[in-house]
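These notes are about the structure you will find just below.
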Amino acid sequence: MTLRSLTFVIGTGRSGSTALSRVLNTHPDILSLNEYMASVGDAAFPEGRLSGAEFWEALFRPTPYFANMLRSGVPMPEFLYTRRPGRYTAETTGIPALSLMVLPHLTDDPDGLLDEIRASVVDWPDRAAPGHHEALFELLCARFGRTAVVERSGYSTGWAPGLRAAFPYAKFVHLFRDGPDCALSMSRHSGYRTITLMREIKERTGVEDFGELTAEHVRSLPPDLAPLLEDRFDPALVRDRVFPLRRFGALWSELVTQGAQFVDDLPAAQGMTLAYEDLLDAPREELTRLAAFVGVEPCPPWLDGACALLDGSRRGSARRHLTPAELDDLRRSCAPGAQALEERRR
């Protein structure tokens, strides 16, 4: 099976990407899959063939990283299900991977939609994971009367090569935001604060995957890091930690460079870049360009409504909230990423 139109929006996160998902969701022909890859992750792309029941388990079982955050009282604003709780809870059943952010973006009855999906998926024939994902996308397109699929997850540039291998016909949009503004937003976000601490654990232990951690590795960690590996931890470890802003600037640079290089290597028809600031300055023009790339019509009612959903009030936040010395230091850490973006414009 090959979808007629499948597009992945990749980027750092904290770059206007959630707002873009809301905008895309209002288009009558676009199935907007909000945080789908962040929800199902690599566990839903195993090697070999999967039965429908096995694929369902990959969609249903709670995402460990997010489950730990919820149990520990470190929620993220992207956790839509917890705003209008249904039959699943973090403390008892766990919140299914699809339910936390993906399905509430599509419907006011995520539990009902999850039941519909299960009724179809469990009986699907054995096939490789990409075929199951394509079938799920087709199922949801039919359910909502959409023709084009656009998946968007934050912190997603690392998934891009794997997605390219799984779906070689897919298109990719690299979305990015001004470095200092994005890095400052990351520094205030519980998810990125946790990500930064997890990256520190990997750096200190020398592992590339948490599955490689041994008891000796864990014992070697300081007391403000080791508890983060448990099923429940003190939220103050994330909330109250003081981080140098330059760490988030370096993270922005790393992810932006990764995304720019990936799109540079794609055929022109399969890659596009989109700057959040350009979207704010010229929303109709940029959304028209995006619609053409995705393969849908930029219908005027959609453009009218989309413009109302875009909020530029956070632009320039780094300049407003940081001292000149802090801003200069942050800009230096963002310089490699800014250089990568500048080179791509040439």
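Numbering starts at 1 and runs along the sequence shown.
With a 4.5 Å cut-off on side-chain heavy atoms, Glu151 and Ser156 do not count as touching. Proximity of His189 to Pro77: side-chain heavy atoms (C-beta onward) are separated by under 4.5 Å at one or more points.
Ion pairing between a basic and an acidic side chain is recognised when a charged N comes within 4.0 Å of a carboxylate O; Asp181 and Arg314 show no such pairing. Look at Asp126 and Arg49 and you find no salt bridge, because none of the NZ, NE, NH1 or NH2 atoms lies under 4.0 Å from a carboxylate O. Using a 4.0 Å cut-off between charged side-chain N and carboxylate O, Glu91 and Arg232 make a salt bridge. Looking at Arg289 and Glu286, a side-chain N of the basic residue comes within less than 4.0 Å of a carboxylate O on the acidic one, giving a salt bridge. Taking a cutoff of 4.0 Å between a charged side-chain nitrogen and a carboxylate oxygen, Arg204 and Glu200 qualify as a salt bridge. Under the 4.0 Å criterion applied to side-chain N and carboxylate O atoms, Arg87 and Asp115 are assigned as salt-bridge partners.
Among Asp224, Thr196, Thr194, the single residue meeting the side-chain hydrogen bond (donor to acceptor under 3.5 Å, both in side chains) criterion with Arg241 is Asp224.
Listed for the Thr93 side chain is no donor-acceptor partner under 3.5 Å among the backbone atoms of Tyr88. No donor-acceptor pair closer than 3.5 Å links the side chain of Arg177 to the backbone N or O of Tyr276. No donor-acceptor pair closer than 3.5 Å links the side chain of Ser39 to the backbone N or O of Leu98. No donor-acceptor pair closer than 3.5 Å links the side chain of Ser253 to the backbone N or O of Ala250.
Environment of CZ in Arg319: sparse, with no more than 12 heavy atoms of neighbouring residues, nucleotides or ligands closer than 6.0 Å. More than 12 heavy-atom neighbours from other residues, nucleotides or ligands sit within 6.0 angstrom of CZ on Arg315.
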Contacts table for residues 116-124: side-chain donor-acceptor under 3.5 angstrom, sequence neighbours left out:
unit_1, atom_1, unit_2, atom_2, d
Glu116, OE1, Arg143, NE, 2.9
Glu116, OE2, Arg143, NH2, 3.4
Trp124, NE1, Ser120, O, 3.3

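The closest side-chain donor-acceptor pair between His217 and Thr214 falls under 3.5 angstrom. For Glu254 and Gln258, the side-chain atoms include no donor-acceptor pair closer than 3.5 Å. For the residue pair Arg152 and Asn34, a side-chain donor N or O sits within less than 3.5 Å of a side-chain acceptor on the partner. With no hydrogens or angles considered, a side-chain donor-acceptor pair links Arg71 and Asn68 at under 3.5 Å.
Considering OG1 of Thr89 and OH of Tyr81, their distance stands at 8.5 Å, rounded to 0.5 Å.
Here the closest non-hydrogen pair linking Gly154 and Glu35 is N-OE1, 3.2 Å.
Screening residues 6-15 for salt bridge (Lys or Arg N to Asp or Glu O under 4.0 Å), with sequence neighbours left out, gives Arg14-Glu78.
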